[in-house]
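Structure first, commentary second.
Bear in mind that the values here come from a model prediction, so they are computed numbers and not experimental data.
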Amino acid sequence: MALAAPARRPADDDSSTPSATPVFAVDGLWKVFGPGADRVPADPELSALSPAELRERTGCTAAVRDVSFDVRKGEVFVVMGLSGSGKSTLVRCLTRLVEPTAGTVAIDGEDVRAMDRTRLRELRRHRAAMVFQHFGLLPHRTVLDNVAYGLQIQGMGRAERRERAAEMVAKVGLKGMEQRRPGQLSGGQRQRVGLARALAVDPEVLLFDEPFSALDPLIRRDMQEEVIRLHREEGRTMVFITHDLQEALRLGDRIALMRDGRIVQLGTPEEIVGSPADDYVREFVRDVPREQVMTVRSAMRPASAEEAGSGPALSPGATVAEAIEAVARAGAPARVMDKGRCMGVVDSNALLGVVAGVTTATRGRGGTAPNGPGPGAGTV
């Protein structure tokens, strides 16, 4: 069944690209469950076994296998994969809710695995807040007191924390519901309370572990819009775990696609859809409407002097679907403009070629089509 078109963030959002400074840096990370787990990453023979072979030979399960990536400041980094791919275990390793077996995890250059209990508590309370699928709200407390709970644990005074909580309740669209209890709220409203509670402690990073998977489709879409809005307003770094490709394409600046504990491809939505690393990824994105994900960069060619001076203008982040509409309306190629400079033009033939799976890279025209990382790619 074909996927509905994943509505991407507005193209003008591309003008504010995330910083290259990593917030989280992960290198060679393993999480192995079972007897003698430490020997698996250290033994090349064992680490090369398939999941079934490893279980049969050692009784161990490698939930995360030699994973490396950076999360850049200000980006929405999505980790996606099917059930059992290791994505939820991976995000729990970032704050040691699950203890890694091997490898390194650093936040702002500080070694998370070397943190003592005090530093680890500070990490979880102040620097990286988790939003879970199951809301974990306290049923006997009001919305306001649930949102203020993390601040209470931090020792903030009652008046100050309630003022801060009221601001967060309003930010997530629940103003007027401060005195309700969780049992009086819908699923989407309870999830908003969970989001407000995480925001209240002003964390550097928000970690979302499949937060919307239990919600019905309409409420889920509303919550996705809420995440997009909050990110646009605050620019906060987010790590988002999901098994839903459409959600990943909609939210992610970059996506790490996992299978059997490994990252099989890491790249932008355009790279994942336009240059699948292997047959597994290719099958994963087969039904994605390419014109809704691919941008004009994948269809752009150099402009002649005449073309550079006239025609409709598009931003580099405009989708192929938007460009097709602009070109059809004008009956002429469209210019791709960045800060007043013409980077190139797109015409109907090139745009329709992208829809059909033919980009400037495959045509050998030297355009700006992305080259996705190969199988097992890690840091990009």
Side-chain angles (χ1 to χ4, degrees), residues 1-10 13 63-64 67 69 71 75-92 94 130-135 172 186-192 194-195 198 205-232 237-274 276-294 319 321 372:
M1 183 175 65
L3 288 170
R8 294 282 293 144
R9 289 182 234 179
D13 282 4
V64 177
V67 166
F69 62 89
V71 177
E75 79 172 326
V76 180
F77 185 90
V78 174
V79 182
M80 71 156 299
L82 301 178
S83 296
S85 62
K87 57 190 184 299
S88 290
T89 302
L90 173 59
V91 76
R92 283 167 165 77
L94 297 181
M130 201 93 174
V131 182
F132 295 99
Q133 173 184 345
H134 303 292
F135 320 117
V172 300
S186 68
Q189 288 169 337
R190 288 197 295 273
Q191 191 57 279
R192 286 173 187 266
L195 179 56
V205 189
L206 279 172
L207 304 173
F208 295 87
D209 188 10
E210 300 207 60
F212 310 145
S213 60
L215 303 177
D216 70 49
L218 289 179
I219 296 176
R220 183 171 188 156
R221 186 175 180 85
D222 285 346
M223 289 304 301
Q224 291 168 359
E225 288 290 349
E226 191 68 18
V227 169
I228 291 170
R229 181 184 68 81
L230 287 171
H231 186 259
R232 184 185 294 123
T237 307
M238 300 179 181
V239 178
F240 199 99
I241 307 300
T242 182
H243 65 268
D244 186 294
L245 177 61
Q246 187 174 1
E247 187 166 72
L249 294 173
R250 192 157 189 248
L251 298 179
D253 293 310
R254 289 187 302 150
I255 300 168
L257 180 56
M258 294 190 71
R259 182 188 190 189
D260 294 335
R262 297 187 186 276
I263 292 178
V264 293
Q265 186 166 358
L266 193 162
T268 65
E270 187 171 7
E271 288 169 340
I272 299 287
V273 172
D278 60 16
D279 289 342
Y280 179 76
V281 182
R282 193 169 294 108
E283 182 63 22
F284 223 103
V285 302
R286 181 175 54 117
D287 293 325
V288 173
R290 294 170 58 87
E291 67 275 12
Q292 298 290 342
V293 178
M294 305 296 289
T319 64

**Prompt:** Got a second to check how far T319's OG1 is from E270's CD, nearest 0.5 Å?
**Reply:** 10.0 Å

**Asked** Can you name the closest pair of heavy atoms from E226 and L195 and give their distance?
**Response** CG-CD2, 4.2 Å

**Message:** For V64 versus G86, what's the shortest heavy-atom pair and its separation?
**Reply:** CG2-O, 3.8 Å

**4.5 Å side-chain heavy-atom contact, R259 and V281** = no

**Complete:** Closest non-hydrogen contact found for V67 with G261 is CG2-O, 3.4 Å

**Straight-line distance of F240 CZ to Q224 CD, nearest 0.5 Å** = 6.5 Å

**Message:** As a test of understanding, state which of L207, V76, V205 forms a side chain to side chain contact (heavy atoms under 4.5 Å, CB included) with T237.
**Reply:** V205

**Prompt:** Would a 4.5 Å heavy-atom cut-off, applied to side chains only, mark V288 and I272 as touching?
**Reply:** no

**Message:** Could you tell me if the side chain of L251 sits less than 4.5 Å from the side chain of H231, heavy atoms only?
**Reply:** no

**Complete:** When every non-hydrogen atom of I219 is compared with those of G188, the smallest separation belongs to CG2-CA, 3.4 Å

**Complete:** Of all heavy-atom pairs linking A277 and V264, the shortest is CB-O, 3.7 Å

**Prompt:** In Å and rounded to the nearest 0.5 Å, what is the CZ to CD distance from R254 to E271?
**Reply:** 9.0 Å

**Item:** Point-to-point distance, once rounded to the nearest 0.5 Å, from CE of M258 to OG1 of T89
**Value:** 8.0 Å

**Asked** E247 versus M80: any side-chain heavy-atom pair under 4.5 Å?
**Response** no

**Asked** Between V78 and G252, which heavy-atom pair has the shortest distance, and what is it?
**Response** CG2-CA, 3.5 Å

**Request:** Please answer whether the main-chain N or O of D253 pairs with a side-chain N or O of E75 as donor and acceptor at a distance below 3.5 Å.
**Result:** no

**Message:** Quick check on side chain to side chain contact (heavy atoms under 4.5 Å, CB included): which of Q292, R290, R286 does V273 satisfy it with?
**Reply:** R290

**Asked** Going from CG on D222 to CZ on R229, what distance comes out if it is rounded to the nearest 0.5 angstrom?
**Response** 11.5 Å

**Request:** Indicate yes or no for a side-chain donor-acceptor contact from K87 to the backbone of G81 under 3.5 Å, with no hydrogens or angles considered.
**Result:** yes

**Asked** Hey, does F212 have a side-chain heavy atom less than 4.5 Å from the side chain of D244?
**Response** no

**Prompt:** Taking side chain as C-beta onward, heavy atoms only, is F69 less than 4.5 Å from L90?
**Reply:** yes

**Message:** Using 0.5 Å steps for rounding, measure from the CZ atom of R221 to the CG atom of D216.
**Reply:** 13.0 Å

**Asked** So do the side chains of I255 and Q265 get within less than 4.5 Å of each other, counting heavy atoms only?
**Response** no

**Asked** Should the pair E225-R232 be classified as a salt bridge under the 4.0 Å nitrogen-to-oxygen rule?
**Response** no

**Asked** Is there side-chain contact between S83 and H243, with at least one heavy-atom pair below 4.5 Å?
**Response** no

